[in-house]
Chemist: 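Take a look at this one; I'll ask things after.
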Amino acid sequence: MQEEKTTDHTHNHPNAKAVSNRLARAIGHLESVKRMVDDGEDCAQILIQLAAVRSAINNAGKVLLSDHINHCIVEAVEHKDYEKLEELNEAIQKFVK
């Protein structure tokens with residue numbers, strides 16, 4: 001079991017609502033792609049729509065990453081919390097995988 005870290009840092013980012021909205025649209029889009037599969041629609045069109053969903057998720061991640069760097073990481077460096085930099089590095093590695 002992973003130990004939960006406690007911190008006084010809050011994750012209130014300026015673009016949190018935009019990220020949430022992008023993810024909601026991606027979820028809706030993915031649900032429509034699932035219907036395409038269920039309805040037996042053209043495989044090429046399904047692949048194109050899956051690529052669009054993946055792009056939407058990646059773009060939401062980019063906005064979140066930018067916010068994280070501009071707020072959480074700046075704050076972590078100010079407080080000499082270099083562990084946060086390592087956590088960011090690991091998260092980036094998983095995100096771009």
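For reference, positions follow the sequence shown, starting with 1.
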Chemist: If two hydrophobic side chains count as joined below 4.5 Å and joins carry through other members, does Leu85 share a cluster with Leu65?
Modeler: yes
Chemist: Which heavy atom of His29 sits nearest a heavy atom of Gln49, and at what distance?
Modeler: NE2-OE1, 2.6 Å
Chemist: Which residue pairs satisfy the salt bridge (Lys or Arg N to Asp or Glu O under 4.0 Å) criterion with at least one member in residues 34-62, sequence neighbours excluded?
Modeler: Lys34-Asp38
Chemist: Kindly indicate, with the supporting measurements, whether the criterion side chain to side chain contact (heavy atoms under 4.5 Å, CB included) is fulfilled by Ile46 and Val33.
Modeler: CA-CA 6 Å; Ile46 294 169; Val33 174; 3.9 Å; yes
Chemist: Can you list the steps and then say if Ile27 with Val53 is a side chain to side chain contact (heavy atoms under 4.5 Å, CB included)?
Modeler: CA-CA 8 Å; Ile27 290 167; Val53 171; over 6 Å; no
Chemist: Which atom names give the shortest non-hydrogen contact between Lys84 and Ile73, and what distance separates them?
Modeler: O-CD1, 3.8 Å
Chemist: Is the side chain of Asp67 donor-acceptor paired with the backbone N or O of Asn15 at a distance under 3.5 Å, no angle test?
Modeler: yes
Chemist: Testing Leu88, Leu64, Val74 one by one against Ile69 for a side-chain contact (heavy atoms from CB on, under 4.5 Å), which residue passes?
Modeler: Leu88
Chemist: If you compare all heavy atoms of Leu23 against all heavy atoms of Ala60, which two are closest, and at what distance to 0.1 Å?
Modeler: CD2-CB, 3.9 Å
Chemist: On a heavy-atom basis, which atom in Ala26 and which in Ile57 lie closest, and how many Å separate them?
Modeler: CB-CG1, 4.1 Å
